[in-house]
Amino acid sequence: MERGREDASLTLRGLQNRSHEKIKLRKRKSTLYFSTQEKNVRRRGDLLGENIHLVLFTIALRILNCFLVQTSFVPDEYWQSLEVAHHMVFNYGYLTWEWTERLRSYTYPLIFASIYKILHLLGKDSVQLLIWIPRLAQALLSAVADVRLYSLMKQLENQEVARWVFFCQLCSWFTWYCCTRTLTNTMETVLTIIALFYYPLEGSKSMNSVKYSSLVALAFIIRPTAVIPWTPLLFRHFCQEPRKLDLILHHFLPVGLATLSLSLMIDRIFFGQWTLVQFNFLKFNVLQNLGTFYGSHPWHWYFSQGFPVILGTHLPFFIHGCYLAPKRHRILLVTVLWTLLVYSMLSHKEFRFIYPVLPFCMVFCGYSLTHLKTWKKPALSFLFLSNLFLALYTGLVHQRGTLDVMSHIQKVCYNNPNKSSASIFIMMPCHSTPYYSHVHCPLPMRFLQCPPDLTGKSQYLDEADVFYLNPLNWLHREFHDDASLPTHLITFSILEEEISAFLISSNYNKTAVFFHTHLPEGRIGSHVYVYERKLKGKFNTKMNSELSEIN
């Protein structure tokens with residue numbers, strides 16, 4: 001009997017011990033404990049909230065993207081950013097009429113001016129670093145935007161949809177062409193994507209009114225037209241927000257006032273007076289519509305040419321994705337259509353103006369690829385190869401002469417012990433080339449001026465227009481003696497035959513040829529020619545006076 005009791009007692013204790021062990025194990029295996037631990041492990045391998053390998057791959061791709069874009073797109077890439085920054089830091093250069101009329105804010109050039117100042121203080125302000133570091137900085141910001149777009153789609157849908165949206169974004173030829181350029185449109189696009197990550201879309205887990213409104217406000221300060229794509233998004237948020245007064249008084253108003261105050265202070269420092277450049281910009285381009293001075297297009301241009309061109313071979317996938325995407329994402333499609341309609345009402349049109357809504361289109365392209373079954377592999381190959389060809393051609397071939405010629409000007413400056421004996425005259429449509437930001441040497445240079453008419457003259461012609469009416473007569477009249485002749489002339493090949501008499505009489509010989517484009521239309525030729533005057537004349541007095549002004 002006693003032995004039976006002992007056995008029963010031992011059995012009971014064993015069961016109790018096992019139950020205690022199980023309880024302890026349950027505590028260790030609790031969902032809360034392991035979810036926190038797993039999150040900590042996951043965070044150690046994360047960057048920007050995503051897998052570190054994905055982020056590093058995106059950064060590496062955009063850096064490669066940066067070095068594989070060696071062509072020129074539009075003058076604003078330099079004249080509204082790097083040239084202004086160079087003037088801010090080194091106190092010489094040239095500011096276009098937009099800055100004398102206070103139509104642009106110093107906020108965006110200040111980013112690059114800060115980079116230039118750091119390089120200058122470190123004694124590393126070589127011309128190559130001044131050219132490439134700002135572009136690399138822009139490439140890094142574009143990589144962050146790409147990752148944010150991927151993260152957003154993973155929250156809204158699933159990883160498969162996010163993967164295909166990410167693929168479409170990375171292989172878009174126009175994104176490749178623009179995303180590493182120092183354009184205000186590029187920064188506007190970057191800020192728009194990151195702001196959309198915090199915007200309260202249905203299903204978003206990272207919504208934050210202060211963060212997204214701050215980014216939108218910054219985009220508006222940099223480029224006032226950023227308000228166009230954000231108008232339907234802001235209106236939707238306001239309509240869906242139950243506490244509307246709180247949203248305005250505690251989010252939008254403080255953010256708007258703080259950002260605008262910052263912009264006013266920055267522009268007050270550099271302009272020397274209080275200036276609301278955003279109003280001046282909208283007044284000139286929208287109310288007065290003076291942007292038509294730089295060209296005009298029919299109202300349907302964005303629908304018939306602009307939008308199809310920047311989408312490229314993504315266009316059929318975009319149309320297909322519009323039918324497949326959930327209704328909750330209609331706001332993105334509304335934003336695209338609204339932006340196209342508003343810009344269509346302005347006479348002056350450019351491809352880059354609608355670049356900020358291109359990532360929105362990639363969302364619908366991603367939905368299309370997700371739902372493709374039978375033809376997915378051929379579709380992916382078609383998208384990748386077609387965009388690769390366009391990206392490499394536009395990045396490495398088309399319109400590169402105006403950049404390549406700057407390296408020749410650098411040699412003229414740095415290989416010449418007496419810099420005052422050399423001078424450059426650029427006989428191209430104005431702002432065809434960069435300027436001192438790509439030379440970084442106080443070499444006297446001059447180009448054909450083309451400010452718009454702000455006085456209301458009925459038959460206004462700028463200097464470039466007068467020159468192209470009769471280039472030969474203009475040159476003989478402008479450079480009437482040997483003392484006024486520049487040592488180097490730079491022009492497109494199409495002008496050579498017309499001014500050959502002047503080149504011969506003034507002893508100019510062709511010393512360098514740079515390939516530019518296969519499309520010799522109008523005033524732009526297929527090559528850039530550099531002519532050097534063999535008989536050294538005195539230094540151009542007009543250039544001397546201009547240099548003394550900028551110094």
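Throughout, numbering of the chain's residues begins at 1 and tracks the sequence. Just so it is clear, the values below take in all heavy atoms, side chains as well, and ignore hydrogens, waters and symmetry mates.
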Just by modelled atom types, is the [Y] backbone N or O under 3.5 Å from a matching donor or acceptor in the [X] side chain?
X      : Y      : value
Thr259 : Gly256 : no
Trp301 : Glu350 : no
Ser204 : Leu201 : no

Can you name the residues that form a side-chain hydrogen bond (donor to acceptor under 3.5 Å, both in side chains) with [X], not counting sequence neighbours?
X      : result
Ser437 : Glu83
Gln273 : none
Thr225 : Arg223, Tyr343

According to ring-ring contact (aromatic ring centres under 6.0 Å, His included), who are the partners of [X], at least two apart in sequence or on a separate chain?
X      : value
Trp176 : none
Tyr116 : none
His371 : none
Trp299 : none

| field | Residues in side-chain contact (heavy atoms from CB on, under 4.5 Å) contact with Phe303, at least two apart in sequence or another chain | value | Leu340, Leu341, Ser344

Can you tell me if [X] has over 12 outside heavy atoms packed within less than 6.0 Å of its [atom1]?
X      : atom1 : answer
Gln305 : CD    : yes
Trp375 : CH2   : no
Trp79  : CH2   : yes

Would you say [Y] and [X] are linked by a side-chain donor-acceptor pair, where the criterion is simply a distance under 3.5 Å?
X      : Y      : result
Glu241 : His251 : no
Thr96  : Glu98  : yes
Thr370 : Glu160 : no

| query | Tell me, which pairs form a ring-ring contact (aromatic ring centres under 6.0 Å, His included) where one or both residues lie in residues 141-162, sequence neighbours left out? | reply |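 Non-adjacent pairs meeting ring-ring contact (aromatic ring centres under 6.0 Å, His included): Tyr150-Phe166.
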
Can you confirm if the aromatic rings of [Y] and [X] lie within a centre distance of less than 6.0 Å?
X      : Y      : value
Phe351 : Tyr177 : no
Phe112 : Tyr108 : yes
Phe360 : Trp338 : no
Trp132 : Phe67  : yes
His329 : Phe364 : no
Tyr435 : Phe447 : yes
His314 : Phe318 : no

| task | Over all heavy atoms of both residues, which pair between Tyr106 and Val84 is shortest? Give the atoms and the distance, please. | result |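 The pair with the smallest heavy-atom distance is CE2-CG1, 3.6 Å.
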
| Does a salt bridge link Arg328 with Glu157, judged by any charged N lying under 4.0 Å from a carboxylate O? |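 Looking at Glu157 together with Arg328, the answer is yes, because their closest N to O distance falls below 4.0 Å.
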
| said: Can you pull out every side chain to side chain donor-acceptor pair (under 3.5 Å) where at least one residue sits in residues 55-71? Sequence neighbours excluded, please. | reply: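 As it turns out, the side chain to side chain donor-acceptor pair (under 3.5 Å) pairs with a partner in residues 55-71, which skip direct neighbours, are Arg62-Asn65, Arg62-Asp146, Gln70-Arg400, Thr71-Arg181.
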
For residues 376-384, tabulate all N or O donor-acceptor pairs below 3.5 Å that involve a side-chain atom, not counting sequence neighbours.
from   : atom 1 : to     : atom 2 : distance (Å)
Lys376 : NZ     : Leu369 : O      : 3.2
Ser381 : OG     : Lys377 : O      : 3.0

| request: For side-chain contact (heavy atoms from CB on, under 4.5 Å), just list the numbers for Tyr212 and Phe197, CA-CA rounded to whole Å, side-chain angles, deciding distance to a tenth of an Å, and then say yes or no. | output: CA-CA 8 Å; Tyr212 101 76; Phe197 176 76; over 6 Å; no

| Should the ring pair Phe284 and Trp97 be called parallel, tilted or perpendicular, given that the plane angle runs from 0 to 90° and is split at 30 and 60? |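 Correct class here is tilted.
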
| By disulfide bond (SG atoms under 2.5 Å apart) - contacts of Cys322 (at least two apart) |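 By the disulfide bond (SG atoms under 2.5 Å apart) rule, Cys322 matches no residue at all.
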
